[in-house]
Protein chains: 2
Amino acid sequence: MKRPTIADIAQRAGVSKGAVSYALNGQPGVSESTRRRVLAIAKEIGWNPNGAARALSGAPSDTIGMVLRRPARILGVEPFFMELISGVEAELSARSYALTLQVVADQAAEIEVYRRWWGERRVDGVLVCDLRVDDPRITALADLSLPTVVVGSLGEVAGLVSVWSDDAAPVVEAVEYLNALGHRHIARVGGLPDLRHTAVRTEAFEEVCRRLNVEPALTIPTDYTGEDGARATRRLLSSPRRPTAILYDNDVMAVAGLAVAHEMGFSVPGDVSLVAWDDSVLCQLVHPPLTAMSRDIPAYGGHAARRLLDVIAGGSVASLQDVAAHLIPRGSTAAPAPRA
Amino acid sequence: MKRPTIADIAQRAGVSKGAVSYALNGQPGVSESTRRRVLAIAKEIGWNPNGAARALSGAPSDTIGMVLRRPARILGVEPFFMELISGVEAELSARSYALTLQVVADQAAEIEVYRRWWGERRVDGVLVCDLRVDDPRITALADLSLPTVVVGSLGEVAGLVSVWSDDAAPVVEAVEYLNALGHRHIARVGGLPDLRHTAVRTEAFEEVCRRLNVEPALTIPTDYTGEDGARATRRLLSSPRRPTAILYDNDVMAVAGLAVAHEMGFSVPGDVSLVAWDDSVLCQLVHPPLTAMSRDIPAYGGHAARRLLDVIAGGSVASLQDVAAHLIPRGSTAAPAPRA
DNA sequence: CTGAAAGCGCTTACAG
DNA sequence: CTGAAAGCGCTTACAG
């Protein structure tokens with residue numbers, strides 16, 4: 001059986017298609033009685049608006065998009081993304097907006113997806129994550145004039161709205177805390193060096209270490225996976241001048257690092273203190289529970305979604321600096337044991 | 001500036017819109033030279049197909065949908081969903097299909113979303129999860145004749161394709177293993193009793209316990225959250241006839257249960273053995289690492305996505321039984337200590 | 001308040 | 001191989 005259209009409703013109601021459209025959309029131009037009759041018929045015959053036809057007439061898609069350039073399988077293990085997405089969803093679902101996700105292999109493909117989505121009016125706007133140090137997506141998006149909100153600090157780019165939090169301050173907080181405990185040799189297991197927030201953290205790390213005379217402030221780059229984090233930890237704990245404390249750029253690597261410490265016979269925090277960035281259940285459930293840089297990631301995602309909805313609505317929207325992550329000390333950090 | 005359309009291309013190329021359409025879509029009906037010229041012009045002026053217009057002419061949306069009826073925030077903590085989605089994405093992204101997610105509050109809203117998506121041709125098909133014991137979505141979906149693949153065992157429903165795995169066998173495997181270790185008092189912390197797979201597991205649990213004379217085979221229902229899992233564990237470990245082994249219906253609850261055991265001063269596996277269902281990094285990184293019912297969830301999602309694509313393509317598609325989860329013994333299970 | 005009509009950007013028979 | 005035209009299901013000025 002064919003899907004009913006407004007023409008069917010119009011015929012049954014004995015009015016024009018235009019009148020039906022006005023009635024259905026709550027627009028002025030029809031009498032209350034006609035409107036009621038039209039609505040009743042629409043319901044009765046199971047009419048649903050045809051989004052394609054609406055879109056062709058310029059209506060919004062009520063969908064926002066997010067392109068993720070990561071191996072698809074990483075989504076399942078890295079809590080950050082899911083928490084971010086859950087926060088975005090919470091905000092969107094309250095307004096019956098949908099979220100369209102697409103995973104791509106590289107940057108060219110990502111830009112191509114934006115181009116296509118916008119060309120096809122498939123999304124009303126996009127959320128952009130994982131800013132690179134030098135990121136061609138920024139200008140591509142600006143060229144498209146696709147409503148965009150950047151999640152993460154953007155620097156000075158005219159016209160683009162971002163929701164971000166300070167990545168440097170938490171690093172400083174953690175290092176100062178460890179230094180106060182007596183640590184003089186702190187290493188860091190960092191994320192992808194190409195990412196902008198990694199660069200910010202690395203710089204902050206080196207600067208605060210220099211200021212506090214904590215040397216050599218080594219950062220080992222990784223791809224964020226637990227495997228890479230384990231490898232980096234093994235390397236650090238095997239080195240002749242073993243650090244007494246390690247900062248990790250995410251929670252998965254910190255937990256993996258903890259397992260490596262145990263495996264190598266080091267006690268935590270007796271032999272080495274560990275600090276995670278991003279605080280998921282993971283951190284709280286291992287033994288000892290991990291000291292972590294904690295922030296409300298779903299809220300972060302929610303802010304970004306709300307901002308994007310505002311941009312789409314056409315308002316003049318300012319960037320938002322969310323609260324920075326802050327240190328939650330737990331059992332994985334303590335004063336270093338005196339060396340034998 | 002206005003977005004270019006095939007009319008613009010037609011004008012520049014000096015051919016009709018129809019010819020442009022054929023050229024762009026690789027259809028016969030234009031000469032090779034015309035096709036090349038059209039393609040070149042399209043590229044030059046930055047033409048993108050208008051999806052709405054295509055959809056209005058009956059083209060597919062190249063998008064599949066998934067409605068999740070869970071609190072949005074749970075997405076971030078429950079590894080199962082993200083792993084499933086990552087597997088789905090891996091399959092889809094290879095074919096440039098997008099995934100649209102929508103989180104809803106209740107079943108009525110979920111069915112409404114299906115109705116709307118299908119009415120609007122926003123998706124070519126949907127993946128349905130978390131089957132209930134008595135699930136009105138099944139008939140609703142069948143009525144819509146929306147291409148659907150059910151993730152999870154469906155029972156005998158004509159016409160619907162499902163991708164599922166045996167939920168009973170792993171329960172039997174785990175209980176037999178624990179029984180062989182000498183456990184005579186095994187409890188279970190189950191999921192939402194309303195879910196079909198929970199019901200299947202509960203029944204299998206009671207049956208195998210009866211067969212092996214392992215009593216009383218108590219299942220405590222939960223909502224799958226770590227908090228509920230902790231509460232259930234506290235109750236079990238406080239009871240006068242404390243079980244010597246506990247099965248959990250997901251990994252988050254098992255890890256939370258482990259923390260409770262430690263908090264109450266019980267040793268694992270000395271005082272109580274623990275078994276998780278679903279095996280994420282979580283299970284492997286806690287101490288002791290958890291014995292778990294393991295399965296490849298991303299692969300499961302991938303199978304479901306591929307099946308759905310086949311259904312959409314119109315082929316006659318059979319349901320797929322994926323391999324069942326199997327027990328991976330780790331440090332959290334051992335023979336029970338003799339009671340004092 | 002209502003009707004008739006054009007237009008959104010494509011696809012696809014139907015003639016030449 | 002190509003052109004002219006109808007149609008997909010809406011929305012929205014424009015007349016009455």
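Values below: all heavy atoms of this structure, side chains included; hydrogens, waters and symmetry mates excluded. In what follows, chains are A, B, ... by sequence order, proteins preceding strands, each numbered from 1.
Within the 4.5 Å cutoff, side-chain heavy atoms of D130(B) are placed close to those of H197(B). Within the 4.5 Å cutoff, no side-chain heavy atoms of L320(B) are placed close to those of W164(B).
For the pair R35(B) CZ and dC1(D) C1', the computed distance is 11 Å after rounding to whole Å. With rounding to whole Å, K17(B) atom NZ is found 8 Å from dC10(C) atom P.
Under 4.0 angstrom from either OP1 or OP2 of dT12(C) there lies no side-chain N or O belonging to S21(B). Put simply, T5(A) has no side-chain N or O that comes within less than 4.0 Å of OP1 or OP2 on dG9(D). In this structure, T34(A) does not reach the dC1(C) phosphate: none of its side-chain N or O atoms is under 4.0 Å from OP1 or OP2. Phosphate contact (OP1/OP2 of dG9(C), side-chain N/O of R54(B), threshold under 4.0 Å): absent.
Nearest to the side-chain atoms of N25(A) among the listed nucleotides dG3(D), dG3(C), dT11(D) stands dT11(D). Side-chain proximity of A53(A) to dA13(D), dG9(D), dT11(C): nearest is dG9(D). Taking every side-chain heavy atom of I6(B) into account, dT11(C) is the closest of dG3(D), dC8(C), dT11(C).
Other residues, nucleotides and ligands contribute over 12 non-hydrogen atoms within 6.0 Å of the CG atom of D106(A).
Nearer to the 5' terminus of DNA chain C, by closest-nucleotide assignment, is the contact made by L56(B) (compared with the other of Y22(B) and L56(B)).
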**OP:** Decide salt bridge (Lys or Arg N to Asp or Glu O under 4.0 Å) for R306(A) and E91(A); before the verdict, give the C-alpha distance in whole Å, the side-chain angles of both, and the deciding distance to 0.1 Å.
**Re:** CA-CA 7 Å; R306(A) 216 167 313 124; E91(A) 193 62 33; 2.9 Å; yes

